[in-house]
K.L.:
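This is the structure I want to talk about, given as structure tokens.
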Amino acid sequence: MEKKQEKQKKSSILRFYPFTQGFRRNFVLALVTIVISVIASYMTPQVIRVTVDSVINDNPFNLPDFLVGWINAIGGREMLRTHIVICAAISLLFAVIAGLSNYAYRMNLARACEGTVARIRNTLFDHIQKLPYAWHNSHQTGDIIQRCTNDLDLIRNFVNAQLMGCIRVLLLMVVSMVLMFSMNARLSLIVLCFIPLSVGASLVFFIIQGKRFEKADETEGELTAMVQENLTGVRVVRAFGRERFEIDRFNKKNREYTDYWARLGQIMGINWGLGDFLAGLQVLVVLVAGVFFVENGSLTEGEYLAFTAYNSMLVWPTRSLGRLLGELSKTSISATRLFDILDAEEEQDCLDPQEPDIRGDIVFDHVSFHYPDSSTGVLDDVSFTIKAGTTFGILGATGSGKSTLMYLLDRLYDLPEGDGTITVDGVDIRNIKRSHLRKNIGIVLQEPFLFSKTFRESIADGANKEDIETVRHYARLAVIDDAIENFAQGYETPIGERGVTISGGQKQRVAIARMLMQDTPIKVFDDSLSAVDMETDAKIRHSIQENVHGTTILIAHRITTLMNADQIIVLDRGKVVQMGTHQELVEQDGIYKRIFDIQSGKEEAI
């Protein structure tokens, strides 16, 4: 299994190939034009060689027969000597061809690269939307953001620069060596001896940099997560005066991140320094050896100029191969981190999911549950029935499993086989299509999340209607209409990220209005009135009771929120310890009566 995973990691870059569909024509055109560009670039030194050796000097034209015939047809050597500007024009022509080819290469590569990366980005976002709630709980948001931005940018840079860069370098090396050997084999062998040295050194640093970069990339993810967490919880930081603590914590992680990159920079510095030394040594040796070969007559002056030009053109690609391998190392790590997300299993429906007409009959039958990362049970043999159209209350201490019941009902967590059943209108929720089930269950959490939209957009979020009258109707049901109208821009007032510009109670009421506007047959209020005062609480409950129909589930710590429910259960450490109406429960000795006495002030009076 480990070998299979290791093999998958090594081939992770190649796994991006399917994302190129629809853009492969552009990649092919980029490849063709880069070949033309390289060949045209390498023709200029050949023009110089012929000009020096066969136009200025009297050496025979060392060219293909058809070119020699063309030169003789237009007047031969004497005509070219008289009009040497023709040689310059030919050189300019090759430069123009190289420039136009390079432009076409860049344009096609940009289209292919941006299209491919856009497809990867869309696939990532779509995939993350379908991942289980448990997966999101086990991964830091900042780290996910870092993977989907920085790591994806590295993939983009690889496709845009390194991928074709590798092809270009290999092409330059092949063409250079072919032309060099055609002029002087012994001098070419000297150049060839330097290539393994440069490539070998690059491979060593490629391996070293890969390990260091992986650690630096992981630390960057942790740093991003820390920043994201602080920006999200800025009010808590300020309220508790934790600025210095958070600054020190950030500085510590930032120093760790900086140290990793500093050590990585040292290795890269040694790599580049060694590369510069080998490149300089190669140029010097070729210059000296070339002069020797010219003196003994085995190399002409024109060939010497062309050879040194090719050697100079070869030095940079050979050196850049190390940089490309280093970038390939970083890209490989980033690709692996991205595929860690893409390989995560999405939520799956059963083979033949049902979409029943949901009215709201709910049955929990001997349900037991514990979270995947915990061996301690959260729910233990919980059973109860909620009849359609009724109001059901759930009371319990923090950690008693109240919210977990609703997570299971909405299939945010899946109930394992053998741990009981949950049915809606007689159908096991495991057999109901997730999207259909969730479309029919509206939930308001204790800490609701509001997006950066206006009041109107936030309340109408996900609803079929967006007209202001419908929005105001549901805002009035949630007793938030008057508060919204008091803002300068009314319903067009931006709420701000996560609703930071409004109070906790206003945020809860906006979330209630948003849920009510979905008009679902099952409505869940998960302690969603905790931040409103008792008077507003009573108004909201009365408004919902009079105007909203369907099955309503109330989870609360406040007895007054639950007392009008048709049935109430009391949870304690994951078990149902009491069940009945408010009147029945206050007449029994137990948790409900003790809480009622405390909240109503009876114990204090006694």
Side-chain angles (χ1 to χ4, degrees), residues 121-122 125-126 128-130 133 136 141-142 144-145 148-149 227-239 410 412 435 438-520 522-533 535-537 539-544 546-548 550 552:
R121 191 181 295 115
N122 289 339
F125 187 80
D126 180 72
I128 289 172
Q129 294 290 314
K130 298 174 183 177
Y133 183 65
H136 287 277
T141 304
I144 297 172
I145 293 172
C148 295
T149 52
V227 172
Q228 184 269 339
E229 187 177 47
N230 266 267
L231 293 176
T232 302
V234 63
R235 287 196 295 186
V236 176
V237 174
R238 296 288 175 83
D410 205 39
L412 292 177
S435 58
R438 291 169 182 170
K439 187 172 64 175
N440 286 278
I441 299 176
I443 297 182
V444 184
L445 302 175
Q446 182 178 0
E447 297 181 6
F449 186 97
L450 299 180
F451 293 92
S452 302
K453 301 179 179 181
T454 64
F455 280 108
R456 181 184 61 79
E457 291 171 332
S458 295
I459 294 174
D461 203 358
N464 295 326
K465 296 182 179 180
E466 295 185 4
D467 61 281
I468 189 62
E469 287 306 317
T470 304
V471 170
R472 289 199 65 180
H473 168 72
Y474 287 101
R476 283 191 287 268
L477 293 181
V479 194
I480 188 65
D481 178 65
D482 290 341
I484 295 175
E485 286 296 322
N486 287 332
F487 284 89
Q489 296 175 262
Y491 278 84
E492 299 306 319
T493 304
I495 291 178
E497 186 179 8
R498 298 175 66 91
V500 295
T501 58
I502 58 178
S503 68
Q506 290 172 333
K507 192 188 301 184
Q508 285 187 335
R509 282 180 282 165
V510 170
I512 290 171
R514 178 178 63 185
M515 187 269 282
L516 292 177
M517 194 164 175
Q518 310 303 311
D519 195 23
T520 57
I522 300 173
K523 300 172 181 65
V524 179
F525 297 84
D526 187 0
D527 211 6
S528 53
L529 299 174
S530 58
V532 302
D533 59 84
E535 182 180 355
T536 305
D537 181 343
K539 289 180 179 179
I540 295 173
R541 285 187 289 107
H542 176 74
S543 175
I544 293 174
E546 293 296 321
N547 299 281
V548 178
T552 303

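If you're wondering where the values come from, they're calculated on a predicted model, not measured in any experiment.
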K.L.:
State whether the side chain of Arg509 and the backbone N or O of Ala478 hold a donor-acceptor pair below 3.5 Å, judged by distance alone.
P.N.:
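Side chain of Arg509 to backbone of Ala478, a donor-acceptor pair under 3.5 Å: no, none is there.
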
K.L.:
Find the distance between NZ (Lys539) and CG (Leu477) and round it off to the nearest 0.5 Å.
P.N.:
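That separation rounds to 14.0 Å.
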
K.L.:
Kindly give the heavy-atom pair with the smallest separation between Asp461 and Phe451, and that separation in Å.
P.N.:
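That closest heavy-atom pairing would be OD2-CD1, 3.7 Å.
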
K.L.:
Tell me, yes or no, whether the heavy-atom count around Glu535 atom CD, taken from other residues, nucleotides or ligands under 6.0 Å, exceeds 12.
P.N.:
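No - once you tally the heavy atoms of other residues, nucleotides and ligands closer than 6.0 Å, there are 12 at most.
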
K.L.:
Would you mind reporting whether Cys148 and Arg121 have side-chain heavy atoms less than 4.5 Å apart?
P.N.:
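Counting from C-beta outward, Arg121 and Cys148 never come under 4.5 Å.
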
K.L.:
What heavy-atom pair brings Val510 and Ser458 nearest, and what distance separates the two atoms?
P.N.:
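Val510 and Ser458 have their closest heavy atoms at CG1-CB, 4.2 Å.
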
K.L.:
For a 4.5 angstrom cut-off between non-hydrogen side-chain atoms, does Ile441 reach Thr520?
P.N.:
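SC-SC contact between Ile441 and Thr520 ruled out.
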
K.L.:
Crowded around His136 NE2? As in, over 12 foreign heavy atoms under 6.0 Å?
P.N.:
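Buried by this count: over 12 neighbours within 6.0 Å.
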
K.L.:
Out of curiosity, Arg541 CZ to Thr552 OG1, how far, rounded to the nearest 0.5 Å?
P.N.:
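Rounded to the nearest 0.5 Å, the CZ-OG1 separation comes out at 12.5 Å.
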
K.L.:
His473 side chain to Met517 main-chain N or O, any donor-acceptor pair under 3.5 Å?
P.N.:
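Not at all, since once roles are kept as given, no pair shorter than 3.5 Å links the two residues.
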
K.L.:
When you look at Arg472 and Ile484, which way does the side chain to side chain contact (heavy atoms under 4.5 Å, CB included) test go after all the steps?
P.N.:
CA-CA 10 Å; Arg472 289 199 65 180; Ile484 295 175; over 6 Å; no

K.L.:
State the CD-CD distance between Glu492 and Glu457, to the nearest 0.5 angstrom.
P.N.:
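Output value for this atom pair is 7.0 Å.
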
K.L.:
Enter the distance from Arg476:CZ to Leu516:CG here, rounded to the nearest 0.5 Å.
P.N.:
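It comes to 13.5 Å.
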
K.L.:
Report the residues that fulfil ring-ring contact (aromatic ring centres under 6.0 Å, His included) with Phe455, sequence neighbours left out, ordered by chain and then residue number.
P.N.:
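Once residues adjacent in sequence are excluded, the partners of Phe455 under the ring-ring contact (aromatic ring centres under 6.0 Å, His included) criterion are Phe487.
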
K.L.:
Roughly how far, to the nearest 0.5 Å, is the CD1 atom of Ile512 from the CD1 atom of Ile459?
P.N.:
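Result: 11.0 Å between the selected atoms.
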
K.L.:
So which atom in Asp410 and which in Arg438 form the shortest heavy-atom distance, rounded to 0.1 Å?
P.N.:
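Scanning both residues, the minimum pair turns out to be O-NE, 3.0 Å.
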
K.L.:
Atom CD1 of Ile443 and atom NZ of Lys523: how far apart are they, to the nearest 0.5 Å?
P.N.:
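Ile443 CD1 to Lys523 NZ: 12.5 Å, rounded to 0.5 Å.
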
K.L.:
May I ask you to check whether Asp481 and Tyr491 show a side-chain donor-acceptor distance below 3.5 Å?
P.N.:
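Present: a donor and an acceptor within the cut-off.
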
